[in-house]
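Let me begin by presenting the structure, written as structure tokens, before commenting on it.
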Amino acid sequence: KTDDLDYVLYKVSKMTDEKTSFYTSMYHLMMQPNNIADIDGRYRGIDDNIHMSPTGEYYSTFSLWDTYRAVHPLYTILNPDKVDAMIQTMLDHQKIQGFLPIWALWGKENFCMIGNHAIPVIVDAYLKGFKGFDAEEAYQAVKASATVSHFNSDWETFEKYGYFPFDIIDTESVSKTLECAYDDYCVAQMAKALGKTEDYERFSKRAAFYKNLFDPELKLMRGKDSKGNWRTPFNSFLLSHASSSGGDFTEGNSWQYTWHVQHDVQGLIDLMGGNEAFVTKLDSLFFLESTAENTGFVSDVTGLIGQYAHGNEPSHHVAYLYSYAGHPEKTQQVIREVFDRFYLAKPDGLCGNDDCGQMSAWDIFSAIGFFPGWSDQRGICFRRSSDRKDFPISPRRQNIHCRSQRFVQNQQIRQISRTERKAGHRSYNQPQRCHEWREPGVYNDRPTRKIIRFRTVCQNVLVPELDAGISTF
């Protein structure tokens, strides 16, 4: 596994702060989950009885609402020898509890957060070729978690209305709908792989339920009651927090959750009106004022660039969505800014809770040059070149080709100023962004030949210098 990282480690070797940040992320990533089995394989289960693990491994500290996004996909690359035991732990947990773990700590379920995100973790491992667990047993556990109602998962209501109505599900109804739709997509993919056509069709239909909460006028996700009426009045900037202020979203607002369609980006683009409208709306996310309107505890919503909140997990895939709409250079700009502002080699260098390695996994994936995504069954690669490095997805899959965004020394893009962001939720006019483009030479103690200043404007027209320099990444 060390050899697979040689390329990245070589590039980072001469950059002290970046190296410190990178290895800090690696350290944070590996701090969990934790094997709570004793040396003889015995462990205390969720039922408080003593059980025996034949492999000597039984894992806990599964912060799955956070870690399904990048942590567990990264384990399949860096720690493939641990993946099967993690999956088996989840299956053993389900046998006793009746559904897969949601947030397991010291072998117990604490029901923190929403969704059933052990599902994508299991399906991801299965589709990548991990065979250290019984596939049929895994599928039945996945299906049971998506069909047998339990806390925060009222499947009868979900299937009756095609969403969670806010007058029945009084908190987080929009976020629950969006996240359950993603889980359903994952169930559908495993059903398809196992030849279960009826289940595939059922869960594929449920995976499209996100469309039922998209307001075509505002082009935002919005709560709806059981009679089909939109939540009124509606403040798209109001942050929600279930335990303190309620609301239709989970530690976020409509602007932050509208993009939570990880499995059907093209479908979301179509709802927005096509690539141009989608990119304009996404630009607005980053240019709106960085305000946090709330009436309760929302300290998780940090690391703001406009309304993009890198300090909380629902935003972590959002910068990569530009690549789906034909603008990878915008992804590069945002990723570079996030690196420079929110991953610093200081005691307070992170912009939010690391959340069991998820913030760090984003850093590592983005440093390599891609991020895991489901929509096309591949990672979202935002840099490509004929001079590229192979990184194995797992011992059982083909390599993925990519180059590092963070550690390429001869080409850099860096934002140096930004005009004040002021736009209403219906306004798509953006201020200009001023950047500095530096050609190869001294940059942060490295040689540079010349500096070119350019602006990207709201019409999304790329100037020749930008187009020639970055589109080849």
Charged N to carboxylate O below 4.0 Å: is that the case for Asp225 and Arg231? no
Can you name the one residue among His310, His28, His317 that meets ring pair (Phe, Tyr, Trp, His ring centres under 6.0 Å) with Trp362? His310
Report the residues that fulfil salt bridge (Lys or Arg N to Asp or Glu O under 4.0 Å) with Glu201, sequence neighbours left out, ordered by chain and then residue number. none
Can Lys205 and Glu159 be counted as an ion pair, charged N to O under 4.0 angstrom? no
Stacked cation flag Lys224 on Tyr163, 6.0 angstrom / 45 deg: yes
Does a salt bridge link Lys219 with Asp215, judged by any charged N lying under 4.0 Å from a carboxylate O? no
Mind listing the side-chain donor-acceptor pairs of residues 190-199 below 3.5 Å, one per line with the distance, residues two or more places apart or on another chain?
{"unit_1": "Lys196", "atom_1": "NZ", "unit_2": "Glu136", "atom_2": "OE1", "d": "3.3"}
{"unit_1": "Lys196", "atom_1": "NZ", "unit_2": "Glu136", "atom_2": "OE2", "d": "3.3"}
{"unit_1": "Asp199", "atom_1": "OD1", "unit_2": "Lys143", "atom_2": "NZ", "d": "3.3"}
{"unit_1": "Asp199", "atom_1": "OD2", "unit_2": "Tyr139", "atom_2": "OH", "d": "2.7"}
{"unit_1": "Asp199", "atom_1": "OD2", "unit_2": "Lys143", "atom_2": "NZ", "d": "3.1"}

Using distance alone, with no hydrogens and no angle criterion, decide if Tyr257 and Glu172 have a side-chain donor and acceptor under 3.5 Å apart. no
Could you check whether any side-chain N or O of Ser315 sits under 3.5 Å from a backbone N or O of Ala309, counting only pairs where one atom can act as donor and the other as acceptor? yes
Do Asp264 and Tyr185 pair up side chain to side chain, a donor and an acceptor below 3.5 Å, judged on atom types alone? no
Under 3.5 Å, is there a donor-acceptor pair between the Asp66 and Ser63 side chains? yes
For the residue pair Asp248 and Ser175, establish whether any side-chain heavy-atom pair is separated by less than 4.5 Å. no
Could you check whether Lys330 pairs with Asp283 (Lys NZ or Arg NE/NH1/NH2 to Asp/Glu carboxylate O, under 4.0 Å)? yes
Could you tell me whether the side chains of Asp354 and Ser360 share a donor-acceptor contact shorter than 3.5 Å? yes
Parallel under 30°, tilted from 30 to 60°, perpendicular over 60°: which one fits the rings of Trp255 and Phe237? parallel
Does the Gln307 side chain pair with the main chain of Glu289, one donor and one acceptor, at a distance under 3.5 Å? yes
